Amino acid sequence: MAEEINIKSSLSKSEKYAELYPQLQALLADEADLTANLANATAALRQTFGFFWVGFYLVKGEELVLGPFQGTVACSRIGFGKGVCGTAWKEKRTLIVPDVDAFPGHIACNALSRSEIVVPGFKQGQVALVLDVDSDRLNDFDDTDAAGLEKIMRLLEQKI
Ligand code: SME
């Protein structure tokens, strides 16, 4: 499999998720290393959707620690229950935040970030990592993103 992702920019968001999934599946199929796969997943997502910031935080002890990402520099550690990422970890569910300024305890890694979605990934029922996507526009994420990113997370969970 060639290391490339080809998705037309003219497609709708749900069409892009539908096209991305099998391409990502093929891209990850022959690689067992988690870091390599997370890194390629962030690049594929950024390439497909032009996300402002997209990356992973991995559970290490009582904290989330920054993993592979695409975008500007970010905070490297987030506590359990802190910020959007730590809350998604604590509540074990996807969080869509239409306006980060309205989310109590939001951690502003970048002042330009306006809305956010965080999707947890599980290993044996426990959160092992989260996928965090930030937008510089308000209200930029919806159920289509939640469904598309959760499906991708199910794929990545097989690599943990
Ligand atoms: N805003 C996140 C922190 C991570 S950065 O956005 C990359 C949060 O509140 O958890």
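Remember, it's 1-based here, ligands and their atoms both numbered in the order they're listed. Below, all heavy atoms of this structure are taken into account, side chains as well, without hydrogens, waters or symmetry copies. Here the structure is a predicted model, which is why all the values come from computation and not from measurement.
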Could you tell me whether Arg154 and Glu157 have a side-chain N and a carboxylate O separated by less than 4.0 Å? yes

Flag the pair Arg114 and Asp99 as a salt bridge only when some basic side-chain nitrogen lies within less than 4.0 angstrom of an acidic carboxylate oxygen. no

Donor-acceptor check, side chain of Thr42 to backbone of Ala39, threshold 3.5 angstrom: yes or no? yes

In a simple table, one pair per line, please give the protein and ligand 1 atom names for every N or O pair closer than 3.5 Å, along with the distance.
{"from": "ligand 1", "atom 1": "1 (N)", "to": "His106", "atom 2": "NE2", "distance (Å)": "3.2"}
{"from": "ligand 1", "atom 1": "1 (N)", "to": "Ile107", "atom 2": "O", "distance (Å)": "2.7"}
{"from": "ligand 1", "atom 1": "1 (N)", "to": "Glu116", "atom 2": "OE1", "distance (Å)": "3.1"}
{"from": "ligand 1", "atom 1": "1 (N)", "to": "Glu116", "atom 2": "OE2", "distance (Å)": "3.1"}
{"from": "ligand 1", "atom 1": "6 (O)", "to": "Asp132", "atom 2": "OD2", "distance (Å)": "3.3"}
{"from": "ligand 1", "atom 1": "6 (O)", "to": "Asp134", "atom 2": "OD2", "distance (Å)": "2.7"}
{"from": "ligand 1", "atom 1": "9 (O)", "to": "Val84", "atom 2": "N", "distance (Å)": "2.9"}
{"from": "ligand 1", "atom 1": "9 (O)", "to": "Ile107", "atom 2": "N", "distance (Å)": "2.9"}
{"from": "ligand 1", "atom 1": "10 (O)", "to": "Val84", "atom 2": "N", "distance (Å)": "3.0"}
{"from": "ligand 1", "atom 1": "10 (O)", "to": "Cys85", "atom 2": "N", "distance (Å)": "2.8"}

Please determine which of Trp53, Phe51, Phe52 meets the ring pair (Phe, Tyr, Trp, His ring centres under 6.0 Å) test together with Phe49. Phe51

Tell me, yes or no, whether the heavy-atom count around Lys123 atom NZ, taken from other residues, nucleotides or ligands under 6.0 Å, exceeds 12. no

Inspect the surroundings of NZ in Lys159 and state if more than 12 heavy atoms from other residues, nucleotides or ligands are less than 6.0 Å away. yes

